[in-house]
**Student:** 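I have a structure I would like to understand better, so I am pasting it below and will then ask my questions one at a time.
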Amino acid sequence: MTTAVPQDLRRAKGWTGALFERCLGATARSRALPDFEHLGIELKTLPVRLDGRPLETTFVCTIPLLDMARIEWEQSGVFKKLRRVLWVPVEGTRSTPVAARRIGTPLLWSPSPEEDAELRFDWEELAGMIGRGRVEDLTGHLGRYLQVRPKAADSHARRRALGADGAAFQALPRGFYLRTSFTARILQRAFVLGARPAR
DNA sequence: GGCTGATCATTA
DNA sequence: TAATGATCAGCC
């Protein structure tokens, strides 16, 4: 990670997240472990507008396309990643210089029974499709709160996946993402509804 | 303005 | 190369 604050995030898309990992002493780096290993806490910076609502979806995890048919909800990356999350809202308004963006009040969160059920419902549908070899039928339109979208260097990237005929083929790598409607509710649950900053 | 598909840097 | 951290960019 560069030490200088970038002018914009076009070529430093993960800069804010890496900054907080460093400042807060996260230990896992790019391993498949919670950011704070012995605490079981995942750190997520969340870009927000001036009114506090999320600007972007939240990446959760990559999808093991060949294994989805054998994975249960409790063993899934989505379930494990989202057991405990420290959400750190950060101003993401593009017109605001990165160095001037303010940090919101962080929130240590675990899914409520309702949220857990909502995520599981979407996961069962999406994972089920992949497990049945229908990964190519997935679009970002599916899933109420959880969605599947490309997660790759570019549109030419390929990873082995299960086809409908049971044979492996080369597919665009995908990841699970949380919709902004889901993360917006998380913040609303913690901070008073209707309370908005001036201007 | 919201949303989906595309893309970028860094690290192991 | 694949997984991590995400935001960009353009269509609707």
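Since we're looking at a predicted model, the values are computed, not measured. Proteins come first, then strands; the chains are lettered A, B, ... in the order of their sequence lines, and each starts at number 1. The analysis underlying the following values was restricted to heavy atoms, covering all of them including side chains, and did not include hydrogens, waters or symmetry mates.
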**Student:** For Y145(A), enumerate each residue passing the side-chain hydrogen bond (donor to acceptor under 3.5 Å, both in side chains) test, keeping only those at least two apart in sequence or located in another chain.
**Tutor:**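 Testing Y145(A) for side-chain hydrogen bond (donor to acceptor under 3.5 Å, both in side chains), a comparison that skips the adjacent residues, returns R185(A).
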**Student:** For residues 133-148 of chain A, which residues have at least one heavy atom under 4.0 Å from DNA chain B?
**Tutor:**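 Heavy-atom cutoff 4.0 Å gives T139(A), G140(A), H141(A), Q147(A).
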**Student:** For DNA chain B, determine which residues of residues 118-130 of chain A have any heavy atom closer than 4.0 angstrom to one of its atoms, and list them numerically.
**Tutor:**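 Heavy-atom cutoff 4.0 Å gives no residues at all.
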**Student:** Holding to side chain to side chain contact (heavy atoms under 4.5 Å, CB included), I want the full list of residues that pass it with R159(A), two or more places apart in sequence or in another chain.
**Tutor:**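 R159(A) satisfies side chain to side chain contact (heavy atoms under 4.5 Å, CB included) with P173(A) once adjacent residues are dropped.
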**Student:** Quickly work out the I63(A) CD1 to dG5(B) C1' distance and round it to whole Å.
**Tutor:** 14 Å
**Student:** How long is the line joining CD of E21(A) and P of dA12(B), in whole Å?
**Tutor:** 11 Å
**Student:** Do NZ/NE/NH1/NH2 and the carboxylate oxygens of R179(A) and E56(A) come within less than 4.0 Å?
**Tutor:** no
**Student:** Using atom types as modelled, flag every donor-acceptor pair under 3.5 Å from a side chain in residues 58-72 of chain A to any protein atom, sequence neighbours excluded.
**Tutor:**
unit_1	atom_1	unit_2	atom_2	d
D67(A)	OD1	R70(A)	NH2	2.9

**Student:** Mind checking what makes side-chain hydrogen bond (donor to acceptor under 3.5 Å, both in side chains) contact with R49(A), not counting sequence neighbours?
**Tutor:**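 Counting only residues at least two positions away or on another chain, R49(A) forms a side-chain hydrogen bond (donor to acceptor under 3.5 Å, both in side chains) with D51(A).
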**Student:** Between dT4(B) atom P and L178(A) atom CG, what is the distance in whole Å?
**Tutor:** 13 Å
**Student:** Is it true that atom CZ of R83(A) has more than 12 heavy atoms of other residues, nucleotides or ligands lying nearer than 6.0 Å?
**Tutor:** yes
**Student:** Only counting residues at least two apart or in another chain, list the ones meeting side chain to side chain contact (heavy atoms under 4.5 Å, CB included) with A164(A).
**Tutor:**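 Listed in chain order: R134(A).
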**Student:** Check the distance between dA2(C)'s P and R174(A)'s CZ and give it to me in whole angstrom.
**Tutor:**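 Interatomic distance, CZ of R174(A) to P of dA2(C): 16 Å.
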**Student:** Without decimals, in angstroms, what is the distance between R158(A) CZ and dT7(B) P?
**Tutor:** 11 Å
**Student:** Excluding sequence neighbours, so at least two apart, what forms side-chain hydrogen bond (donor to acceptor under 3.5 Å, both in side chains) with E115(A)?
**Tutor:** W109(A), S112(A), R189(A)
**Student:** Given atom NE2 of H156(A) and atom P of dT1(C), what is their separation to the nearest angstrom?
**Tutor:**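 It works out to 15 Å between those atoms.
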**Student:** Mark up nucleotides 6-12 of chain C, 5' to 3', with B wherever a protein heavy atom is under 4.0 angstrom from a base atom, S wherever such an atom reaches only the sugar-phosphate, and - elsewhere.
**Tutor:** BBBB---
**Student:** Rounded to whole angstrom units, what separation is found between the CG atom of L65(A) and the P atom of dA2(C)?
**Tutor:** 12 Å
**Student:** Sequence neighbours left out, what passes side chain to side chain contact (heavy atoms under 4.5 Å, CB included) with A100(A)? Give chain and number order.
**Tutor:** T96(A), P97(A)
**Student:** Which is more 5' along DNA chain B, the nucleotide nearest S155(A) or the one nearest R179(A)? Just name the residue.
**Tutor:** R179(A)
**Student:** To the nearest Å, give me how far apart CG (L55(A)) and C1' (dC3(B)) are.
**Tutor:** 13 Å
**Student:** Compile the donor-acceptor pairs under 3.5 Å between side chains in residues 5-13 of chain A and protein atoms, sequence neighbours left out, one pair per line.
**Tutor:**
unit_1	atom_1	unit_2	atom_2	d
D8(A)	OD1	R10(A)	N	2.9
D8(A)	OD1	R10(A)	NE	3.4
D8(A)	OD2	R10(A)	NE	3.4
D8(A)	OD2	R10(A)	NH2	3.0

**Student:** With sequence neighbours excluded, what pairs up with E136(A) under the side-chain hydrogen bond (donor to acceptor under 3.5 Å, both in side chains) test?
**Tutor:**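 Applying side-chain hydrogen bond (donor to acceptor under 3.5 Å, both in side chains) to E136(A) gives R174(A).
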**Student:** Base, sugar-phosphate alone, or nothing: which one does R160(A) contact when heavy atoms must sit under 4.0 Å apart?
**Tutor:** nothing
